[in-house]
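To start, the structure itself, in structure tokens.
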Amino acid sequence: MNLQDRFKKWFEEHVASSDPALDPDKVVCTIDGKEEDCFIGKIEGLGYQYDNGNDWYERTWSTDSEPKETIREVFQQLESGKWNKLMIGYGNQIFYEEVVEDGSPY
């Protein structure tokens with residue numbers, strides 16, 4: 001176990017567990033008094049915008065070199081409430097997909 005993992009484990013066991021305000025499972029995000037998913041605020045802060053037609057949040061990356069390439073980076077909420085991250089490009093093909101387990105957009 002590396003140093004970062006050991007610190008995270010120690011923090012979760014000794015600090016976060018003793019202070020409910022530091023427990024991400026107990027944090028409640030609100031916008032105008034309405035409860036919202038905290039993950040949405042995180043990804044919007046990273047430049048993702050909601051696409052109504054596809055029912056997901058996305059942002060687009062492009063290359064500066066020729067030929068121009070664009071990649072769509074997508075977060076889509078699953079029926080279970082978890083989030084799925086997709087990378088779409090190269091002829092509109094999904095070339096990367098994973099379920100976001102820890103609530104992190106990275």
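On a predicted model such as this, the values are computed, not experimentally measured, just so you know.
- Of all heavy-atom pairs spanning N54 and Q76, the tightest one is O-NE2, 3.8 Å.
- Under the side-chain contact (heavy atoms from CB on, under 4.5 Å) criterion, N84 pairs with L78, L86, E97, V99, sequence neighbours left out.
- Take E73 and apply the salt bridge (Lys or Arg N to Asp or Glu O under 4.0 Å) test, not counting sequence neighbours, and it matches R59, K85.
- Applying the ring-ring contact (aromatic ring centres under 6.0 Å, His included) definition to pairs two or more places apart or across chains, those involving residues 31-59 are F39-F75, F39-W83, Y48-F75, Y50-Y57.
- Expressed to the nearest 0.5 Å, how far CZ of R72 lies from CD1 of I94 amounts to 9.0 Å.
- The stretch residues 61-71 participates, sequence neighbours left out, in no salt bridge (Lys or Arg N to Asp or Glu O under 4.0 Å) pair at all.
- Residues in residues 43-56 take part in no salt bridge (Lys or Arg N to Asp or Glu O under 4.0 Å) pair, two or more places apart or across chains.
- Not counting sequence neighbours, the partners of Y96 by the side chain to side chain donor-acceptor pair (under 3.5 Å) test are E98.
- A pairwise comparison of heavy atoms in S62 and T70 identifies CB-CG2, 3.7 Å as the closest pair.
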